[in-house]
There are 2 protein chains.
Amino acid sequence: MSKHTKAKIKDVAELSDVSMMTVSRVLNNDDKVSDKTRKKVMDAAETLNYQPNVSARRLASNKSFFLGLLYDNPSASYVSQFLLGVLKRCRASGYHLVIDEVDENIESTLNSVKDIINVTQVDGMILLPPVCDRREILELLISNKIPFVRVSPDTQINLAPYICMDDYQAAFELTEKLIKLGHKQIAHIIGDIKQGSSRLRYQGYLDALRSNQINIPPQYIEQGSFTYKSGLAAASKLLSLEERPTAIFASNDDMAAATISVAHMKKIDVPDELTVVGFDDTQIATTIWPRISTVRQPIMEMADLATKMLVSGKFDDLSKVKAHNFRHVLDFEIVIRESSRSLVP
Amino acid sequence: MSKHTKAKIKDVAELSDVSMMTVSRVLNNDDKVSDKTRKKVMDAAETLNYQPNVSARRLASNKSFFLGLLYDNPSASYVSQFLLGVLKRCRASGYHLVIDEVDENIESTLNSVKDIINVTQVDGMILLPPVCDRREILELLISNKIPFVRVSPDTQINLAPYICMDDYQAAFELTEKLIKLGHKQIAHIIGDIKQGSSRLRYQGYLDALRSNQINIPPQYIEQGSFTYKSGLAAASKLLSLEERPTAIFASNDDMAAATISVAHMKKIDVPDELTVVGFDDTQIATTIWPRISTVRQPIMEMADLATKMLVSGKFDDLSKVKAHNFRHVLDFEIVIRESSRSLVP
DNA sequence: AAATGTAATGATAGCGTTAACATAGTAAGG
DNA sequence: CCTTACTATGTTAACGCTATCATTACATTT
C-alpha cells in the first residue's frame with residue numbers, strides 16, 4: 001500500500017509525455033484523442049495505478065458522481081433488495097449513493113430533498129414507490145433540473161422515465177392459477193392505497209374472477225397497507241367470516257405472511273384448509289413455513305436498470321427524450337411454493 | 001429555489017465583514033473565534049442560506065466527510081436496521097455513507113476495501129460482524145491509517161475501539177428465564193461459528209444450565225450459522241429426537257423463526273408443546289406467529305454510537321487512545337412474547 | 001514603558017481536476 | 001503553394017475551500 005503518494009493526473013501526463021488535459025480527456029473517454037495517444041495514456045495510468053480524485057473532479061466539472069435514492073416504502077425487504085442492486089451498479093460505474101428515507105410530512109421531505117440537491121449535488125435520483133408519486137417532490141426535482149427515474153409510479157406517467165412490471169397481468173395470471181386449482185372463494189387483501197400497484201393488482205384479481213364468471217361477496221375484499229400489521233387485521237376479518245374463503249390473495253408477501261400467522265392462530269392449516277398467495281417474492285416469502293407462493297418481481301433488475309439510465313446521461317435533458325421512451329416494463333414470474341394447493345373438496 | 005447562485009464563503013465573508021478564513025473557522029467550529037465574530041458570521045451564513053460545498057472542502061482539507069460501512073452479515077434485518085441508525089447520525093453530522101457488502105473471498109474483499117480507501121477516501125469505517133474479525137482487513141485499515149470502529153468483535157479485542165453488548169450475560173439470563181418456566185430439556189442452536197457472539201451466547205446458556213444443576217444430552221446442541229436455512233436443518237434434528245426438548249434457544253431470531261417453521265411442519269404446537277426463544281429482536285421476531293421471545297439488542301444505539309465515535313475524531317490516532325477506552329458495552333433487554341410459556345406437565 | 005506572550009484575524013497559495021479558449025498540425029480545395 | 005477547415009493537443013484560469021504562515025491587537029510581565 002501507498003508506496004509513495006497517490007498518482008495524480010500530472011504524474012500520468014509526465015509519464016506518457018502529453019499534457020494533463022489530454023490525460024483528462026482520455027480518462028473521461030471524451031473527445032477525439034488519437035488512438036496512439038489514448039493507449040499511451042491508458043498504459044501510464046495503469047502502471048501508476050492512477051485513481052481520479054472524486055472531489056477535484058466534482059469541483060471542477062460540477063458533476064457529483066453521486067446518485068440519490070429516496071424511499072418511504074413500508075416493506076424493508078423490498079427496499080434493501082433494491083438497494084443492493086443499485087449499489088452494485090453504482091460501484092461498477094464509479095458512482096456513489098446517498099440514501100434517504102422520507103416520511104409523511106411533506107415539509108420535512110422537501111427539506112430532505114433540498115438538502116440532497118444542495119449539499120450532495122446528486123447527478124440523479126431514484127424514487128421508489130410511493131414517494132415517486134409525490135407531486136411536490138417531482139416539481140422540486142424538475143425545477144432544479146435533477147434527472148430522476150421512478151419505480152412503479154402511479155400518476156403523471158408521462159412526466160419522466162420510469163420502470164415497472166405488469167402488476168395487472170401478474171395479478172390476473174396468479175388469480176387464474178388459483179381458479180385452476182379449483183378455488184372459487186378467493187379473497188383479496190388490497191395493498192397500500194397510496195400506491196398504484198395496489199390498484200393494478202386488485203384490478204387484475206377482479207378481472208380474472210370476472211373472466212371466469214366467478215362472483216365473490218364484498219366481504220372478501222379487505223383494505224391493507226402493505227405492512228405485516230395491516231395484514232393481520234385484514235386476515236383476521238377474512239378468516240372470521242361465516243363462509244370462509246378457501247384462498248387469500250394478499251397484495252404483497254408481508255401481508256401474506258400475516259395471513260399465514262392468523263391462520264396458525266386460528267388453527268387453520270395452510271395449505272390444507274387455506275391457500276395463501278402473496279406478491280413480490282421478498283425475503284419473507286421463504287423465511288416462514290409454509291413458504292409463500294408469490295409473484296417474483298425483478299427488483300434487482302429494476303434497480304440495475306434505474307441506475308444505468310441515470311448514469312448514461314441519456315435522460316438528463318427530458319425535453320430531448322420522447323415520452324414513449326420513458327416506459328420500461330420488466331418481466332415477472334409466478335413462483336409456486338407450499339402455501340398454495342388445489343382445493344380439497 | 002436558486003434565487004441567484006449558491007452562496008459561497010466569499011459572500012458570507014463580505015456580508016459579515018471578515019475574511020474568508022474566519023468564516024471557514026466558524027463553520028468548522030474550529031479555533032478560537034470571538035463570540036461576537038462567530039455570531040456575526042453565523043447570521044450572515046443564515047441569511048445567505050449558505051451551504052458548504054462538500055467537494056471543495058474535501059479537496060482542500062483532505063477530509064472526505066464520508067464514512068464506510070462494511071458487512072457480510074447473514075441477517076438482512078440486522079444489517080438494514082444498523083444501516084438506518086448510521087444513516088440518521090451521518091445526516092445529523094454532515095457525513096455521507098458508503099456501503100459495501102463483502103464476501104468470503106479475501107482477495108475481492110481486500111480489493112473492495114482498497115477501492116473504498118483510494119477512491120472514496122473515507123474518514124472512517126464501521127465493521128459489522130463477522131467481517132470485523134478479518135485480520136487482513138484490519139491490517140489494511142491500520143496501515144492506511146483509516147480509523148475504524150468494530151461492532152461485536154470476537155478477536156483482537158484490544159486493537160481498536162469497538163461496541164458490543166453482553167451476549168454472555170443476556171444468554172445466561174434468558175436461559176435462566178426458561179428454567180424458571182419449568183423447562184429442563186432446553187436445546188440450543190449455536191450461531192455462526194465465525195462470530196464471537198455465537199460462542200458467548202452458547203457459553204451463557206451452558207453456564208446457566210450448570211448453575212442450576214441441569215444436565216443436557218449432547219444431542220441438544222446443534223450447530224447453525226445464523227441463517228434461516230441453517231435453523232431449519234438444526235431444528236429438524238432437534239425435533240426428531242427420541243426425547244424431544246421442551247424448549248429451544250436459538251442463537252438468533254432467524255434460526256428461531258426456522259425452528260417455529262419446523263414445529264409447524266411437524267404439527268408441534270408453539271408454545272404449548274414447545275417453547276422457542278431467539279436473540280436480537282430483529283424484524284422477523286414480530287412478523288411471524290407466534291411472535292418470538294428474544295433478547296433486544298440495541299442495534300440502533302450501537303449504530304448511532306459507532307458513527308458518533310468516528311465523527312468525533314477522538315479515535316483518529318489510536319496511539320493516543322488508552323486501550324481501556326476502546327470498549328463500549330450497551331444494555332440489552334429480554335422481551336417475552338408468545339413463543340414461550342411455562343412448561344405444561 | 002518596554003518586552004513578551006497570546007488570542008484573534010488576515011493574505012496567500014495551493015488541493016487535483018476540467019472548461020474554455022488557444023495553438024499547432026494535417027488534409028483538402030482552389 | 002497558399003488558403004480554409006478541421007483535428008489533435010496544449011495553456012490558463014478557475015472550481016470553493018482550507019492549511020499555513022503572517023500580522024494585528026491587546027493583555028501580562030518585568
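- Every side chain to side chain contact (heavy atoms under 4.5 Å, CB included) that S152(A) has, sequence neighbours left out, goes to P129(A), C164(A), S197(A), Q297(A), M302(A).
- For the segment residues 40-48 of chain B, no residue has any heavy atom less than 4.0 angstrom from an atom of DNA chain C.
- Within the structure, a side-chain polar atom (N or O) of S34(A) is placed less than 4.0 Å from OP1 or OP2 of dT9(D).
- Each end of the helix from dA1(C)-dT30(D) to dG30(C)-dC1(D) gets its own axis, taken as the rotation carrying the C1' atoms of four end pairs onto the next four within a five-pair window, and the two axes meet at 40° to the nearest 10 degrees.
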**Q.** Reading 5' to 3' through nucleotides 16-28 of chain D, protein heavy-atom contacts under 4.0 Å coded B for base, S for sugar-phosphate only, - for none
**A.** BBSBB--------
Pair up each side-chain donor or acceptor in residues 155-162 of chain B with any protein partner under 3.5 Å, not counting sequence neighbours, and list the distances.
| from | atom 1 | to | atom 2 | distance (Å) |
| --- | --- | --- | --- | --- |
| T155(B) | OG1 | D133(B) | OD1 | 3.3 |
| Y162(B) | OH | R327(B) | NH1 | 3.0 |

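- Scored by the side chain to side chain contact (heavy atoms under 4.5 Å, CB included) test, S61(A) finds K63(A) as partners (sequence neighbours excluded).
- Take D100(B) and apply the salt bridge (charged side-chain N to carboxylate O under 4.0 Å, His left out) test, not counting sequence neighbours, and it matches R91(A).
- To the nearest 0.5 angstrom, D304(B) atom CG is 11.5 Å from M309(B) atom CE.
- Residues meeting the side chain to side chain donor-acceptor pair (under 3.5 Å) test with T37(A), sequence neighbours left out: S34(A).
- Residues forming a side chain to side chain contact (heavy atoms under 4.5 Å, CB included) with P147(B) (at least two apart in sequence, or on another chain): L310(B), D316(B).
- Residues passing the salt bridge (charged side-chain N to carboxylate O under 4.0 Å, His left out) test with K314(B): none are found, sequence neighbours excluded.
- With sequence neighbours excluded, no residue satisfies side chain to side chain contact (heavy atoms under 4.5 Å, CB included) with A60(A).
- Between T22(A) and dA8(D) there is no side-chain polar atom (N or O) within less than 4.0 angstrom of OP1 or OP2.
- The salt bridge (Lys or Arg N to Asp or Glu O under 4.0 Å) pairs that include a residue from residues 40-60 of chain B are K39(B)-D43(B), where partners are two or more places apart or lie in different chains.
- Nucleotide dT18(C) holds its P atom 14 Å from the CG atom of D123(A), rounded to whole Å.
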